[in-house]
Amino acid sequence: MIHAQYPALRPRRSRAHAWSRSLVAETVLSPADLIWPLFVTEGTNTREPIATMPGVERLSVDLLAAAAKEAAALGIPCLALFPNTAAADRSDDGAEALNPGNLMCRAVAAIKAGGANIGVLTDVALDPYTSHGHDGLLDAQHRIVNDASVDILVRQALNQARAGADIIAPSDMMDGRVGAIRAALEAEGFHDVQIMAYAAKYASAFYGPFRDAVGSGGYLKGDKKTYQMDFANSDEALREVALDLAEGADSVMVKPGLPYLDIVRRVKDRFEVPVFAYQVSGEYAMMQAAAAAGVLDRDKAMIETLTAFKRAGCAGVLTYFARDAARLLG
Ligand code: PBG
C-alpha cells in the first residue's frame with residue numbers, strides 16, 4: 001500500500017541518477033542469462049552468411065570449438081546447435097537424425113573435445129533431416145503421425161546424448177515425447193542429461209529465417225499447425241507446460257519470444273520451474289532490418305528486449321544476439 005501522495009512522493013527521485021537507477025533495478029541482465037544458437041554446416045573452415053539473418057553465419061564443425069571458447073570467455077553458459085544437413089542426407093523418414101556420425105553429433109563432439117566450459121543444447125525434431133521439412137513423420141495422407149514420430153525422436157535424442165549433449169531440447173511438439181525421451185535417457189544411464197522442453201511452441205510466422213538457416217524452408221509443404229500451438233491460445237500453453245513437467249522436463253521454453261511475454265509470465269507464476277524463451281529468427285531479422293534502415297538503435301533495442309524477457313520471468317533467453325549482448329554487458 002502506498003500512503004504518501006505527491007509532492008511527498010515523487011517517483012522521479014529514484015530515477016534522477018544512474019547510480020540510483022541501478023540501485024533500485026528489479027531486473028539485471030547478464031551474459032549468464034543467454035543461450036547462443038549456432039548453425040552448423042559441412043565443410044572445413046567454412047562460414048556461410050545467411051541472407052535472411054544478417055550477422056549470423058553457419059559454421060563448419062572445425063570452427064565450433066573456437067566459437068565455444070569465445071562464448072565461454074564472454075560468460076555465456078550454453079550453446080544451442082542446429083544442423084544444415086546436406087540435401088543428399090535428407091529423406092522422408094529423416095533417418096540421418098539417427099546417424100551417430102551426423103553433423104549434429106560431430107558438432108557436439110567437437111565442442112566437447114575443445115574443452116570449453118560450456119553446456120551444449122541439442123534440438124530434437126526431424127525438420128533438418130526430412131525431405132518434407134516437417135518435424136515428424138508423414139503418413140500416406142500427409143498427416144504427421146504422432147507415436148511413430150515419438151519413437152524416432154527418442155532414438156534421435158539418445159543419439160545426441162551419446163555424442164555428449166548436456167541438454168536435450170525437443171522442439172517437435174509431438175504429444176508424449178518428453179516422457180518417452182526421459183525414460184530412454186534413464187534406461188541408458190543418462191541421468192544427468194537435462195530436458196528443456198519446447199513446451200509452448202506456437203505455429204509462427206517468425207520462424208521463416210531459421211528455416212533458411214537449416215535449409216528446411218524450401219522443402220516445407222503446408223504448415224505446422226497440427227502440432228505447433230495456435231497463437232490465439234494461452235490456457236493451452238499452461239496445459240502443455242504441465243504435461244511436459246509431469247513427463248520429466250527440467251525446464252520449459254516459450255517460443256517465439258517477445259510477442260509471447262504474456263505466456264512467459266503466466267507460466268512463471270503458475271509453475272516453480274526455470275522458464276526460458278526463444279527470441280526467434282524473425283524477431284532477430286526484424287530488429288537487424290530496422291537497425292540497417294536507420295530506424296532503430298540496435299544495441300539499445302537488443303538490451304531492452306533481452307531485459308524484458310527477464311522482467312517477464314525468464315531464467316534465460318535463446319538469442320542470436322547472445323555474443324553481441326554478452327560483449328556489451330561485459
Ligand atoms: C524446428 C525448429 C524451429 C525453430 C527451432 N526449432 C522452426 C520451426 O518450428 O519450423 C525456430 C527457431 C527460430 O526461428 O529462430 N524444430
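Numbering of ligands and ligand atoms starts at 1, following listing order.
Within 4.0 Å of ligand 1, contacts by protein heavy atoms are made from Asp123, Ala125, Asp127, Asp135, Ser171, Lys201, Phe206, Tyr207, Phe210, Arg211, Lys224, Gln228, Lys255, Tyr278, Val280, Ser281, Tyr320.
Clustering of Ile, Leu, Val, Met, Phe, Trp and Tyr side chains at separations under 4.5 Å places Trp19 together with Leu23.
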Identify each donor-acceptor pair in which a side-chain atom of residues 180-187 lies under 3.5 Å from a protein atom, sequence neighbours left out, and give them as a table.
| from | atom 1 | to | atom 2 | distance (Å) |
| --- | --- | --- | --- | --- |
| Arg182 | NE | Glu186 | OE2 | 3.2 |
| Arg182 | NH1 | Val193 | O | 2.8 |
| Arg182 | NH2 | Glu186 | OE2 | 2.9 |
| Arg182 | NH2 | Phe190 | O | 3.1 |
| Arg182 | NH2 | Val193 | O | 3.2 |
| Glu186 | OE1 | His191 | ND1 | 2.7 |

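Using modelled atom types and a 3.5 Å distance limit, the side chains of His134 and Tyr219 yield no donor-acceptor pair.
Checked against side-chain contact (heavy atoms from CB on, under 4.5 Å), Ala312 has the following partners two or more places apart in sequence or in another chain: Leu261, Val264.
Under the side chain to side chain contact (heavy atoms under 4.5 Å, CB included) test applied with Val108, the options Leu81, Asp166, Leu64 reduce to a single match, Leu81.
A cation-pi arrangement, defined by a distance under 6.0 Å to the six-membered ring centre and an angle within 45 degrees of its axis, is present between Lys255 and Tyr278.
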